[in-house]
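All remarks here apply to the structure that follows.
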2 protein chains.
Amino acid sequence: MSERIESAGGKPLLLNGMEGDEKQHDDLWNRPGYLVRRLHQIHVGLFAEEFADTGMTPVQYAMLSVLAVHNALDQLSLSKAVGVDRTSGADVIKRLARQDLVVRTKSPEDRRMKLVVITPAGATLVRQMRPAMEAAQSRLMAPLAPEDRKFFMDALRQMIEANNSASRAPMS
Amino acid sequence: MSERIESAGGKPLLLNGMEGDEKQHDDLWNRPGYLVRRLHQIHVGLFAEEFADTGMTPVQYAMLSVLAVHNALDQLSLSKAVGVDRTSGADVIKRLARQDLVVRTKSPEDRRMKLVVITPAGATLVRQMRPAMEAAQSRLMAPLAPEDRKFFMDALRQMIEANNSASRAPMS
DNA sequence: GCCAGATAGGAGGTATACTCCATATCTTGG
DNA sequence: CCAAGATATGGAGTATACCTCCTATCTGGC
């Protein structure tokens, strides 16, 4: 899984001969929000590599994963389930529908709702791409010592659960 | 460590009466990439709260922080320094320029380059908003037991450095 | 000196992730 | 029953974060 290219060895601000001020360097690397943004970008990059065939994105796969379990969900419930904003979710669903991976129908019970249903093609794709998704997850965590991974996941879950209301897309 | 707030308890898929399938629930919450995306969203939300006055974003503040230390940087070096793609960086710089926080000039030595320089207004703003930035960082980490925070930061740095080349915006 | 390749930037396209405002539909209090 | 509030969606606008293709400029080998 991914031979480390160490020449790329990424710390910022080791700029071209300008004697990259160590103070500033340490500064960015001591901001958790900054590091989380960077790690998120890396995950998106790893995911894109693993899903290069399909062009599918992490959020699209998350939505399809959820839909593979639930028969039908309205757009709002689905968006909450994957932790995205309602309008972002609607956009993602639109793109999934364009690829015929889901179908949207008006709910007969509540005509405000659009029910989203996964198609057979969508269900097949979720199943087929699951190893690719797991590879992206594994590669992300690979640099951590195995015994540290559980701790890291627990830390993430703690921070998310406690700060959930601060997010613009609080989950349910 | 960290009393779980179970009322906010943002777990997905505890949907309206549809008996939120625990299997699926556990699934998303066991994907580190998913959790990192969620935590990133939360940080952006916290940051937006702390910077409500100015409307400044995390990336904009990171860029200004870097510029406050270096006299002048071309757009590519600046983008690499904050770990964003060249074209994303150019967009951010454009918005900073629109608010008169930076100025762009053609480099006399290499006329391909546009040098970005922070203005006095920009430098003042960085200094003034630093407590807000630090508040956002603190709030993000607050749910972790203090003794766990260093571990978490180290884990982030490990994963970022080792996976840096996989990111679409590898840092210098 | 000149041409080939590298580099910096810009333009246009896509995806996520929000904002606010508008519209349609449902639900509930009086 | 009906009007008021809540809810589900849609549309327009903004910001980050990529992509590809293109032009301008610099650098190195000959």
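Throughout, protein chains are lettered first and strands after them, A, B, ... in sequence-line order, and every chain is numbered starting at 1.
- In this structure Y61(A) satisfies the ring pair (Phe, Tyr, Trp, His ring centres under 6.0 Å) test together with F51(A), sequence neighbours excluded.
- The side chain of T57(B) contributes an N or O atom lying less than 4.0 Å from OP1 or OP2 of dT16(D).
- The shortest distance between the side-chain N/O atoms of Q75(A) and the OP1/OP2 oxygens of dG10(D) is below 4.0 Å.
- Summarising the geometry, the separation between NZ on K94(B) and P on dG10(C) is reported as 7 Å, rounded to the nearest angstrom.
- Residue R37(A) is in sugar-phosphate contact alone, with no base atom involved, counting any heavy-atom pair closer than 4.0 Å across all strands shown.
- If you take CZ of R104(A) and C1' of dA8(D), they are 14 Å apart, rounded to a whole angstrom.
- Looking at which nucleotide of DNA chain D each of A90(A) and V59(B) is closest to, the 5′-most match is held by A90(A).
- Taking only side-chain atoms of L76(A), from C-beta outward, the nucleotide of dA17(C), dA8(C), dT9(D) with the closest atom is dT9(D).
- Contact annotation: Q60(A) does not reach the phosphate of dA15(C) (side-chain N/O to OP1 or OP2, under 4.0 Å).
- Minimum interatomic distance between I42(A) and L140(A) (heavy atoms only, all atoms of both residues): CG2-CD1, 4.0 Å.
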Could I get a table of every N or O pair under 3.5 Å where one atom is in the protein and the other is in nucleotides 21-23 of chain D?
none

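- When the nearest nucleotides of DNA chain C are assigned to K114(B) and H40(A) by heavy-atom distance, the more 5′-ward of the two goes with K114(B).
- Note: CD (E49(A)) to C1' (dC18(D)) measures 14 Å, nearest angstrom.
- A donor-acceptor pair under 3.5 Å is absent between the side-chain atoms of R31(A) and the main chain of Q137(B), judged by distance alone.
- Going from atom CG of L39(B) over to atom P of dA17(C) covers 13 Å, rounded to whole Å.
- Between the C1' atom of dA17(C) and the CZ atom of R95(A) lies a distance of 10 Å, rounded to the nearest Å.
- Applying the side-chain contact (heavy atoms from CB on, under 4.5 Å) criterion to L144(A), with sequence neighbours excluded, gives R149(A), F152(A), A155(B), Q158(B), M159(B).
- Note that CG of L156(B) is 13.0 Å distant from CZ of R37(A), once rounded to the nearest 0.5 Å.
- Shown here are the side-chain hydrogen bond (donor to acceptor under 3.5 Å, both in side chains) partners of E50(A), two or more places apart in sequence or in another chain: R139(A).
- Here the nucleotide nearest the side chain of S88(A), chosen from dA15(C), dT16(D), dA17(C), is dA17(C).
- In this entry the distance linking CE of M63(B) with C1' of dA15(D) reads 12 Å, nearest Å.
- The interatomic distance linking M56(B) (CE) with dA15(D) (C1') rounds to 13 Å, in whole Å.
- Across dA8(D), dA17(C), dC20(C), the shortest atom-to-atom separation from the side chain of D85(A) is found for dA17(C).
- Evaluation of the side-chain hydrogen bond (donor to acceptor under 3.5 Å, both in side chains) rule for Q75(A) yields no partner, not counting sequence neighbours.
- Distances were taken from every side-chain heavy atom of V84(A) (C-beta onward) to each of dG11(D), dG10(C), dA17(C); the shortest belongs to dA17(C).
- The side-chain hydrogen bond (donor to acceptor under 3.5 Å, both in side chains) search around T57(B) returns none, not counting sequence neighbours.
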Indicate every side-chain donor-acceptor pair of residues 106-116 of chain A with a distance under 3.5 Å to a residue at least two apart or in another chain.
unit_1  : atom_1 : unit_2  : atom_2 : d
S107(A) : OG     : E109(A) : N      : 3.3
S107(A) : OG     : D110(A) : N      : 3.2
D110(A) : OD1    : R112(A) : N      : 3.0
D110(A) : OD1    : R112(A) : NE     : 3.0
D110(A) : OD2    : R112(A) : NE     : 3.4
D110(A) : OD2    : R112(A) : NH2    : 2.7

Report, one line per pair, each donor and acceptor closer than 3.5 Å where one atom sits in a side chain of residues 91-100 of chain A; sequence neighbours left out.
none

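- For D74(A) and dG10(D), the CG to C1' distance is 15 Å, given to the nearest whole Å.
- Residues passing the side-chain contact (heavy atoms from CB on, under 4.5 Å) test with E134(A) are R130(A), sequence neighbours excluded.
- At least one donor-acceptor pair closer than 3.5 Å links the side chain of R38(A) to the backbone N or O of G83(B).
- In the helix from dG1(C)-dC30(D) to dG30(C)-dC1(D), the rotation axis of the first five pairs and that of the last five pairs differ in direction by 10°, rounded to 10 degrees.
- Distances shown here put every side-chain N or O of R98(B) at or beyond 4.0 Å from the OP1 or OP2 atom of dT14(D).
- Residues meeting the side-chain hydrogen bond (donor to acceptor under 3.5 Å, both in side chains) test with T54(B), sequence neighbours left out: none.
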Close N/O contacts between protein and nucleotides 25-28 of chain D (under 3.5 Å):
unit_1  : atom_1 : unit_2  : atom_2 : d
dT25(D) : O2     : R112(B) : NH1    : 3.3
dC26(D) : OP1    : R111(B) : N      : 3.0
dC26(D) : OP2    : R111(B) : NH2    : 3.1

